[in-house]
Protein chains: 2
Amino acid sequence: MAQKDTVERILDAAEDLFSEKGFAETSLRNITTKAGVNLAAVNYHFGSKKSLIQAVFARYLTPFSDQFSSQLDLIQQQERTPEQLLKLLLITLTKSGLENPAKFAVFMRLLGLAYSQGQGHLRKFLTSEYGDVFKRYMKEINRITPQLTPVERFWRIHFMLGAAVFTMSSVDSLMAMADHDLGIESQVKDVVGQLMPFLASGLMAVENDES
Amino acid sequence: MAQKDTVERILDAAEDLFSEKGFAETSLRNITTKAGVNLAAVNYHFGSKKSLIQAVFARYLTPFSDQFSSQLDLIQQQERTPEQLLKLLLITLTKSGLENPAKFAVFMRLLGLAYSQGQGHLRKFLTSEYGDVFKRYMKEINRITPQLTPVERFWRIHFMLGAAVFTMSSVDSLMAMADHDLGIESQVKDVVGQLMPFLASGLMAVENDES
DNA sequence: TAGTGTTTAAAACGTATGTTTGAATTTCAT
DNA sequence: ATGAAATTCAAACATACGTTTTAAACACTA
């Protein structure tokens, strides 16, 4: 089947180039050249550039969303720590076609772009398609942080998201920087190991009222 | 003086549009139309679109960098908590043409773009122009976190940067979301108030070795 | 006021983009 | 093996972009 080959080659090339240069800066000619397919193939198989962008996300998010939803079913009403809840998310992520650390970094970079270059159509697509699973996870977070006000919880979730997306979006160059400045070679899983206690501690922080 | 009017009108329009849509998605025609000036004015006054982008950053960063450098001189070898050090940064930010919360949000959005859409030329421009002040602040951070290894410190700094930039980049829509979901109207300074204990707690987090 | 340098204006240039077209080719069930 | 459907291909289309050009309008000194 020549079709699926072409479709996957386009998706592979697109996700690479998107994560490197962003959506607008990546042309269909860049993509089709790198994929080794004809220019018109994108519009033939996906309809438009916008639909291609959505397809790149769907390829990862759909299997992840399904698996994560099952995981959430399993841990219903168990005792959980913030670290455990974070670990559940990351474990599931790395079992949805993102086992490869490089792929994982690429995906996080795409996720960051989805926010910063939020094309509107992408925002709508993601929330309409995967919003429910996200809300279910949020409910688990609520359970383990009863001491937080809704406002505190709301913002801390987004602070966590920001720390994760931002750093993982440029994890390659940051690891290179760490190597250059500190002489220490890291791997993506090491960074994730650094990230989790940071996030957990931030989430559980207690207000400090001494001005 | 007709010149300065045109230059400032261009800078105002450019920073608005850049922060809304990103650099590549904002055309010179968008900018000059919004600014009410001729299309050629950008190339005449700034030389190129790239130089305009740099000028937008320089307008805020140069006064900030100067003031922040002075502040760092003053607090040399004083006792400091993480909160105090963070507060120093934010106070100085809001005293460098960013008193207005809306302006502050716009600036943070631009900062986020500088990372995610890092045009190469922008990265070079920013580090060559303002890298020294950043390094001095980093040294202050080192002083108050002697318990951290260099690697831990390195990553936590970037986690903090990510949380701040990411959330402040879309602080408008997030505040609207908080209002919609929780029925609570916030202001930018409230969000900053939420952010600081989160960052401080994350920075000072202690490793948790019970798997 | 005359003249010189600076700024604005309208138009065009060359290039790159996303998309569409229609013919050629391949695929595959009959 | 044949014919219909699916796919690939080269080419062109329309549009938008950053930049350049040339002339007009302006500001200010002498």
Side-chain angles (χ1 to χ4, degrees), chain A residues 1-59 110 113-114 117-122 124-125, chain B residues 1-59 110 113-114 117-122 124-125:
Chain A
M1 47 175 51
Q3 176 204 357
K4 210 181 177 195
D5 259 61
T6 297
V7 167
E8 281 192 0
R9 291 238 296 282
I10 290 174
L11 287 172
D12 289 340
E15 89 176 21
D16 267 9
L17 291 171
F18 284 155
S19 80
E20 275 176 30
K21 314 196 296 174
F23 303 123
E25 296 87 344
T26 301
S27 70
L28 293 186
R29 285 167 178 82
N30 290 156
I31 295 170
T32 51
T33 299
K34 173 158 190 167
V37 303
N38 186 269
L39 168 62
V42 169
N43 287 282
Y44 175 76
H45 286 288
F46 297 94
S48 68
K49 187 183 181 182
K50 285 184 180 180
S51 300
L52 171 61
I53 294 173
Q54 295 176 4
V56 167
F57 279 86
R59 183 160 65 143
L110 289 173
L113 288 173
Q117 299 195 203
Q119 314 256 132
H121 73 95
L122 231 189
K124 287 177 186 171
F125 172 76
Chain B
M1 44 176 49
Q3 176 204 356
K4 211 181 177 194
D5 259 59
T6 297
V7 167
E8 281 194 359
R9 291 238 295 282
I10 290 173
L11 286 172
D12 289 340
E15 89 176 22
D16 268 9
L17 291 171
F18 284 155
S19 80
E20 276 177 31
K21 314 197 295 174
F23 303 123
E25 296 87 343
T26 302
S27 69
L28 293 187
R29 285 168 176 82
N30 290 156
I31 296 170
T32 52
T33 299
K34 175 159 188 167
V37 303
N38 187 268
L39 168 61
V42 169
N43 287 282
Y44 176 76
H45 287 288
F46 297 94
S48 67
K49 188 182 181 182
K50 285 184 181 180
S51 300
L52 171 61
I53 294 174
Q54 295 176 3
V56 167
F57 279 87
R59 183 160 64 144
L110 289 173
L113 287 173
Q117 300 193 206
Q119 314 256 132
H121 73 94
L122 230 190
K124 285 176 187 171
F125 171 76

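Lettering follows sequence order; numbering is per chain, from 1.
Positionally, the nearest nucleotide of DNA chain C for A40(B) lies more toward the 5' end than for the other of V42(A) and A40(B). Between G36(A) and R29(A), the residue anchored closer to the 5' end of DNA chain D is G36(A), taking for each the nucleotide with the nearest heavy atom.
Across all strands shown, T26(A) has heavy atoms under 4.0 Å from sugar-phosphate atoms exclusively, and none from any base. Using a 4.0 Å heavy-atom distance criterion, A41(A) is classed as making no nucleic acid contact.
What separates OH of Y44(A) from P of dA5(D) is a distance of 12 Å, to the nearest Å. Distance, N43(B) CG to dT21(D) P: 11 Å, rounded to whole Å. Atom-to-atom, NZ of K49(A) to P of dT19(C) comes out at 8 Å; the value is rounded to the nearest Å. Counting to the nearest Å, the C1' atom of dT8(D) and the CG atom of D5(A) are 13 Å from each other. Taking atom CG on L28(A) and atom P on dC9(D), their separation rounds to 16 Å, with Å as the unit. Distance E25(A) CD to dG18(D) P: 12 Å, rounded to the nearest Å. Protein atom CD1 of I31(A) is 14 Å distant from nucleotide atom C1' of dT19(C), rounded to whole Å. E8(B) has its CD atom 16 Å from the C1' atom of dT7(C), to the nearest Å.
Residues V56(A) and F46(A) form no side-chain contact, since every pair of their non-hydrogen atoms from C-beta on lies 4.5 Å or further apart. Residues V42(B) and R29(B) are not in side-chain contact: their nearest non-hydrogen atoms beyond the backbone lie 4.5 Å or more apart.
Between F23(B) and F18(B), the ring planes lie perpendicular to each other; the angle is over 60°, past the 30° to 60° tilted range.
The side chain of T6(B) places an N or O atom within less than 4.0 Å of a non-bridging phosphate oxygen (OP1 or OP2) of dT8(C). Residue S27(A) places at least one side-chain N or O under 4.0 Å from the OP1 or OP2 atom of dT17(C). The phosphate of dT7(D) (OP1 or OP2) has no side-chain N or O of N38(A) nearer than 4.0 angstrom. Taking side-chain N and O atoms only, H45(A) has no distance below 4.0 Å to OP1 or OP2 of dA6(D).
In this structure, the side chain of N30(B) engages the main chain of S27(B) through a donor-acceptor pair within 3.5 Å.
Under a cut-off of 6.0 angstrom, the local environment of NZ in K50(A) is sparse, with at most 12 non-hydrogen atoms contributed by other residues, nucleotides or ligands.
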